[in-house]
Amino acid sequence: MKIHKMQVLKELSVKNGPLCVGLDTDPSYIPQNILAQYASAPEAVFAYNKAIIERIAADKSACCCKVQIAYYEAMGLEGMQVYAKTLKMVKDAGLIAISDIKRGDIGATSDAYAKAHFTGDFETDIITINPYMGFDTLVPFTKYSGVEQGGKGAFVLLCTSNPGMVDIEHQELKSGGLLLEHVGDEIARIGEEWKATYPEQTCGIFGAVVGATQEADARYLRDKYADTFFLIPGYGAQGGAARIAATLLDKAGGTVNSSRGILCAWKKDEKLAGKTVLTMDDIADAAAGASVASKEDLLGAFAAL
């Protein structure tokens with residue numbers, strides 16, 4: 001059976017639950033005494049990522065990991081080595097790797113971005129794309145969506161979780177409707193276009209980023225784009241409620257990202273409150289516990305719909 005990465009992710013989200021663990025691992029999220037045990041901050045970040053990935057894979061508490069490239073770029077060349085190794089470890093664990101790179105350029109530049117992130121050292125399963133330079137920016141990435149190319153996918157920014165999204169995404173067009181709806185329609189069109197290649201798909205090769213902080217939009221967008229799989233940021237530390245995320249998980253489904261809520265779970269873990277010296281196992285166990293709790297929270301909210 002022909003199957004693309006977005007379809008694999010959709011099926012894993014049913015099997016393991018909808019949680020996406022965000023590995024936006026800033027060294028500042030790791031206690032100083034633990035950082036001091038490693039030769040460098042990137043080395044400590046990789047050890048933390050490794051411990052989390054192993055635990056969530058064993059617990060089946062998440063379907064994917066979203067690796068935000070900016071945190072690794074900020075650590076220089078060694079950081080980018082950790083980025084590459086983290087992606088490989090996610091895939092080797094049987095989870096889908098989402099590279100949060102938010103690329104969006106034209107012509108040969110987009111071709112180069114697609115090659116950089118769908119092949120070679122930084123090869124991933126799914127990326128994020130910013131479409132606001134125009135829909136021609138999306139085309140080069142679809143060249144890697146074919147069966148022989150591994151069925152790569154992308155999440156296109158639609159209705160993001162930041163307050164400033166109203167500055168652009170919510171602007172009304174002269175032709176009618178909101179700009180974000182114009183983007184959503186194009187994502188849906190691409191999905192339809194690829195049905196001939198993937199006749200058994202229940203979601204398109206491209207999904208949409210829809211934040212869990214915009215309650216007024218959630219039901220409307222979920223119903224309007226019923227066949228589009230969503231990447232749902234904003235849950236947890238950004239203030240997005242489980243009930244909003246649950247609404248967005250309806251129809252074609254989605255995956256709900258939590259980054260700091262998991263990476264920094266040790267700060268709120270009552271079992272660690274009395275400990276003066278923390279270990280890597282301590283903070284990784286707290287992250288794993290937060291993953292399980294988040295999965296249960298999201299599934300409970302979805303069941304209550």
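Computed from heavy atoms alone, side chains included, the values below leave out hydrogens, waters and symmetry copies. Note that the structure is a prediction, hence the values are computed from the model and not measured.
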Leu12 side chain reached by Cys64 side chain, heavy atoms, under 4.5 Å: no
Distance in Å, Leu179 CG paired with Leu173 CG, rounded so as to fall on 0.5 Å steps: 5.5 Å
Within 6.0 angstrom of Leu305 CG, more than 12 heavy atoms from elsewhere: yes
Any Lys10 side-chain heavy atom under 4.5 Å of Thr202 side chain: yes
Flag, side chain of Gln37 to backbone of Thr279, donor-acceptor distance under 3.5 Å: no
Side-chain heavy atoms of Glu11 within contact of Cys63, under 4.5 Å: no
Check: Ser28/Asp26 side-chain N/O donor and acceptor closer than 3.5 Å: yes
Candidate pair Leu157 and Val183, rule side chain to side chain contact (heavy atoms under 4.5 Å, CB included), full reasoning: CA-CA 8 Å; Leu157 301 187; Val183 173; over 6 Å; no
Audit row: Ser294, Asp297, side-chain hydrogen bond (donor to acceptor under 3.5 Å, both in side chains) steps and yes/no: CA-CA 5 Å; Ser294 295; Asp297 183 39; over 6 Å; no
Over 12 non-hydrogen atoms of neighbours within 6.0 angstrom of NZ in Lys275: yes
Side chain to side chain contact (heavy atoms under 4.5 Å, CB included) assessment of Arg103 paired with Ile69: CA-CA 11 Å; Arg103 298 298 190 254; Ile69 197 171; 4.0 Å; yes
Test item: Leu23 and Tyr72 side chains (from C-beta on) under 4.5 Å apart, heavy atoms: yes
Backbone of Phe206 reached by a side-chain donor or acceptor of His4 within 3.5 Å: no
Closest contact, heavy atoms only, Ala252 versus Arg222: CB-NH2, 3.9 Å
Atom NZ of Lys267: over 12 foreign heavy atoms under 6.0 Å: yes
Test item: Leu299 and Pro18 side chains (from C-beta on) under 4.5 Å apart, heavy atoms: yes
Side chain to side chain contact (heavy atoms under 4.5 Å, CB included) evaluation trace for Tyr235 with Leu298: CA-CA 10 Å; Tyr235 168 74; Leu298 291 166; 3.8 Å; yes
4.5 Å side-chain heavy-atom contact, Ile52 and Leu263: yes
Minimum side-chain heavy-atom gap His170-Leu180 below 4.5 Å: yes
Heavy-atom side-chain contact between Ile129 and Tyr113 under 4.5 Å: no
Connected-component partners of Val139 among ILVMFWY, side-chain separation under 4.5 Å: none
Listed once per pair and sorted, the side-chain hydrogen bond (donor to acceptor under 3.5 Å, both in side chains) pairs that draw on residues 178-194, sequence neighbours left out: Glu181-Tyr220, Asp185-Tyr225, Glu186-Arg189, Arg189-Glu193, Glu192-Lys195
With Thr119 via side chain to side chain donor-acceptor pair (under 3.5 Å) - residues at least two apart: none
Donor-acceptor under 3.5 Å (Thr124 side chain, Ala97 main chain): yes
Contacts of type side chain to side chain donor-acceptor pair (under 3.5 Å), residue Asn16, not counting sequence neighbours: none
Contact list for residues 144-157, test side-chain hydrogen bond (donor to acceptor under 3.5 Å, both in side chains), sequence neighbours left out: Glu123-Lys152
Residues Asp59, Arg55: salt bridge by 4.0 Å N-O rule: no
Closest contact, heavy atoms only, Phe155 versus Ile126: CD1-CG2, 3.6 Å
Lys102, NZ atom: more than 12 neighbouring heavy atoms under 6.0 Å: yes
Ser291 to Ser61 - nearest heavy-atom pair and separation: CB-OG, 3.5 Å
Residues Arg260, Asp24; criterion salt bridge (charged side-chain N to carboxylate O under 4.0 Å, His left out); working and verdict: CA-CA 8 Å; Arg260 280 172 293 163; Asp24 308 350; over 6 Å; no
Heavy-atom closest contact (Ile244 atom, Ala212 atom, distance): CD1-O, 3.3 Å
Spatial distance of atom CZ (Arg243) from atom CD (Glu215) [nearest 0.5 Å]: 4.0 Å
Ile56-Val292 co-clustered via ILVMFWY side chain contacts under 4.5 Å: no
Approximate separation, where rounding is to 0.5 Å, of Ile205 CD1 and Gln7 CD: 12.5 Å
Taking every non-hydrogen atom, the tightest pair across Ser110 and Pro140: CB-CG, 3.4 Å
Steps toward side chain to side chain contact (heavy atoms under 4.5 Å, CB included) verdict (Ile262, Leu19): CA-CA 11 Å; Ile262 291 172; Leu19 182 67; 3.9 Å; yes
Distance in Å, Ile283 CD1 paired with Ile34 CD1, rounded so as to fall on 0.5 Å steps: 4.0 Å
Flag if over 12 foreign heavy atoms under 6.0 Å of NZ, Lys268: no
side-chain hydrogen bond (donor to acceptor under 3.5 Å, both in side chains) partners of residues 77-95, not counting sequence neighbours, each pair once: Ser40-Glu78, Asn49-Thr86, Tyr83-Ser99, Lys88-Asp92
Any donor-acceptor N/O pair, Thr137 side chain to Ile106 backbone, under 3.5 Å: no
